[in-house]
Colleague: 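For reference, the structure I am asking about is given below.
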Amino acid sequence: MNLSLVDPFVLAQEYPDTLTEKLSSGHATCLSFNNKGDYLASGRVDGTVVIFDIETNGVARKLQGHTRQIQSLRQVHKYTGMSQANSDPAGLATVDTSSPPHKTGNVFYGISKMAHESVHLLFVASLFEDQPVLVDVSSPKPIKRILPSAPLRPQPTNGEEVDPAVAAKQAAQDAKHSTCVTIFTAFGNHIIAGTSKGWINIIETQTCTTIHSMRLCNGVVILLRLASNGRDLLVNSSDRVIRTVLMPDLSQLGIDLEASAIKLHVEHKFQDVVNRLSWNHVTFSSTGEFVTATTFMNPDIYVWERSHGSLVKILEGPREELGVVEWHPSRPMVVACGLETGCIYTWSIVSPQKWSALAPDFGEVEENVEYMEAEDEFDVHPAEQVHQRRLDQEDEEPDVVTIDSVKGDVEADGVEPFNVPILLDVEDSDSGEDVIAVGPGTMRRRTPGAGREGVNGTANGDVEKEGASGRAARSRRR
C-alpha cells in the first residue's frame, strides 16, 4: 500500500536530492555501510566504532579497542576492518610495522569485500616514506611481506642493449616512488596500488610482484575505489581530476588473459573547470552508474553520471566542509561526515505521498482545511434504510424557482444587494383575488383595503353608495 502513495517518477530517480538527516555520536572520520545496507559504521577520532541503525537512526552498538583515530572501515565477512592502530575491532592481532613513529602517522589498508577464506585476513599497510607491507594475520604470528612501489618498466627485446645512463636515471626516479593507497580486486588475487608519482601498479598477491604499470596522471594518487562489478576503477588524484578507469577481468589472468595484454582505459575525467575545485573523497553509486565527490573548502557534493560524463546534481550540504562520502548499497542515499563537527549527514529522496491513490474521491489540499463533521455523518446505517432513503430522494421535486441569497455578496458601498421578487406565473398564483387585469397582457395588484368589510359597520354602506354611483357613471358613459 505504501508504494501506491508514492509518485512513480520519484521511485525512478536514481540519485538523492535533499538533505534529510543528521546523526551525531562523537567526531566521525570515516563511514562504511554493511553489505545489506541496514547498518552504517562510523569510525571516530578516539578509536571507537559506532554502528547506526539506518531505519531508526539510532546507535545500535559501540565497538571499543582502538587507541588512535580510525581512518577507514570495511566489512569483510565477520570482520569490520583495520584502523591506524593496526588492529581490528575484535582484537585478532596487533601488527608492528617496524617503522619509525614519524612514518606511521597514517596507515592505509586494502581488504577484498568478496575475497575467499584464504585471503580475507590479508591487509596492506601503506606507510609514509616507506614501502607498503602485505600482512597475513591468519596465523598466530602475523606474516609481513614488502610490496614494490616502483613501476614495471618494459624489458628490452631482441637483444637490445640498455644505455647505462638511462637505466641509472630510471632507477633514481623509481626510488622516489612511494605507494600512497592500495585496494584489493574483487577476488583478492591482485592488489591495485597508486603511487606518489601518478602511477597505477597491479601487484599479484601471491608472489608480491608487479605485473602491470600505467602512468595515469602527474600528481599524487589520493584514493582508489572499485565499483560493485569489480571492473570499474575510480581514481582521485592531486591534479583535481577524478578519473574512471575500465579494467580487464583479472580473474582470467593466465587462462584467457596474458599479463602483457593488460590495458587500462580511461573512460571519463570529471573536474570543475570553472572553480578548479579539489576533491576530498570520491565513491561510486550502488549500481556504478554515478560518481559522487566531496569538495575541498566547500560544503557541496557533486554527482556525475557515467553514461554521458555530465554533472547531474550538486547536493547542498551544511555550512561545513565534508570529508568521507559513501553511497548506500541499494538505495539512492548518500552519507558524508563533516570535518569540523564530525556529524554524519544524510541525503536521500523525499517522496510526497499521493493520498488520492487510496480512493477516487480523496482530494488533496495544499493547506489544512477546517472541516465541521456532522453528527451522523459517519454513522453506519442498515442497507435497507440507505436504499429507502435514496428512493425517497428520487420522489422529491427540485425547487428551481426560489432564489436563495448568497451570503457575502456585497456591493461596492458595503450594502447587501436588493433582489426584486419575481412572480413567473401570475395566473396560477394562489392569491388570484389580489391581482386584476388592467389591459391586454398587463396585470396589477388590487388596491389595499378595496373590497374589505369595514370594522365599524359603515363599510357596507360606503360600498353600496360607491356601487350606485359607479353604476350611474357607467350608464351616463353608455
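Residues: numbered from 1 along the sequence shown.
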Colleague: For T244 and E267, which I'm curious about, is there any donor-acceptor pair between the side chains at under 3.5 Å?
Modeller: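 On atom types as modelled, these side chains qualify, holding a pair under 3.5 Å.
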Colleague: Count the heavy atoms belonging to other residues, nucleotides or ligands that lie under 6.0 Å from CZ of R61, then report whether that count exceeds 12.
Modeller: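 No.
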Colleague: Do E55 and Y39 have side-chain atoms, one donor and one acceptor, less than 3.5 Å apart?
Modeller: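 Side chains of E55 and Y39: no pair found under 3.5 Å.
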Colleague: Assess, by modelled atom type and distance only, whether the side chains of Q271 and R276 contain a donor and an acceptor separated by less than 3.5 Å.
Modeller: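 Note: Q271 and R276 side chains meet the donor-acceptor criterion.
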Colleague: Working note: R225 + E326, criterion salt bridge (Lys or Arg N to Asp or Glu O under 4.0 Å); need CA distance, chi angles, decisive distance, verdict.
Modeller: CA-CA 11 Å; R225 297 295 297 267; E326 290 291 338; 3.2 Å; yes
Colleague: Give me the one residue out of T20, T18, D17 that meets side-chain hydrogen bond (donor to acceptor under 3.5 Å, both in side chains) with S348.
Modeller: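 Of the listed residues T20, T18, D17, the side-chain hydrogen bond (donor to acceptor under 3.5 Å, both in side chains) partner of S348 is T20.
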Colleague: In terms of relative ring orientation, are W304 and F270 parallel, tilted or perpendicular, with 30° and 60° separating the classes?
Modeller: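 W304 vs F270 ring planes: parallel.
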Colleague: Atom CD of residue position Q252 - does it have more than 12 heavy atoms of other residues, nucleotides or ligands inside 6.0 Å?
Modeller: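 Enclosed: over 12 neighbouring heavy atoms sit under 6.0 Å from CD of Q252.
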Colleague: Mind running side-chain hydrogen bond (donor to acceptor under 3.5 Å, both in side chains) on E320 and T341 for me, showing each step along the way?
Modeller: CA-CA 8 Å; E320 65 171 320; T341 62; 2.7 Å; yes
Colleague: We want to know whether T179 and Q131 form a side-chain donor-acceptor pair, criterion being a heavy-atom distance below 3.5 angstrom.
Modeller: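 No, because no side-chain N or O of T179 sits under 3.5 Å from a partner of the opposite role on Q131.
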Colleague: Are D38 and N34 close enough that a side-chain donor and a side-chain acceptor fall under 3.5 Å?
Modeller: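 Yes - a donor-acceptor pair under 3.5 Å links their side chains.
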Colleague: Applying side chain to side chain contact (heavy atoms under 4.5 Å, CB included) between I202 and each of L253, L250, T210, report the one that passes.
Modeller: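 Testing I202 for a side chain to side chain contact (heavy atoms under 4.5 Å, CB included) against L253, L250, T210 leaves exactly one candidate, L250.
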Colleague: Count the heavy atoms belonging to other residues, nucleotides or ligands that lie under 6.0 Å from NE2 of H308, then report whether that count exceeds 12.
Modeller: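 No, because the 6.0 Å sphere around NE2 of H308 holds 12 heavy atoms or fewer from other groups.
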Colleague: Under 4.5 Å between any side-chain heavy atoms of L264 and P248, yes or no?
Modeller: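 Touching, per the 4.5 Å side-chain cut-off.
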Colleague: Indicate whether any N or O donor in one side chain lies under 3.5 Å from an N or O acceptor in the other, for E321 and N280.
Modeller: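 Result is yes, a qualifying pair exists.
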Colleague: Is the distance from the ring center of H190 to that of F184 below 6.0 Å?
Modeller: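 Ring-ring flag for H190/F184: false, centres at least 6.0 Å apart.
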Colleague: State yes or no: are the ring centers of W347 and Y15 separated by less than 6.0 Å?
Modeller: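 Ring-ring flag for W347/Y15: false, centres at least 6.0 Å apart.
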Colleague: The test is salt bridge (Lys or Arg N to Asp or Glu O under 4.0 Å); show your working for D232 and R306 and say whether it passes.
Modeller: CA-CA 11 Å; D232 301 334; R306 293 180 55 195; 2.9 Å; yes
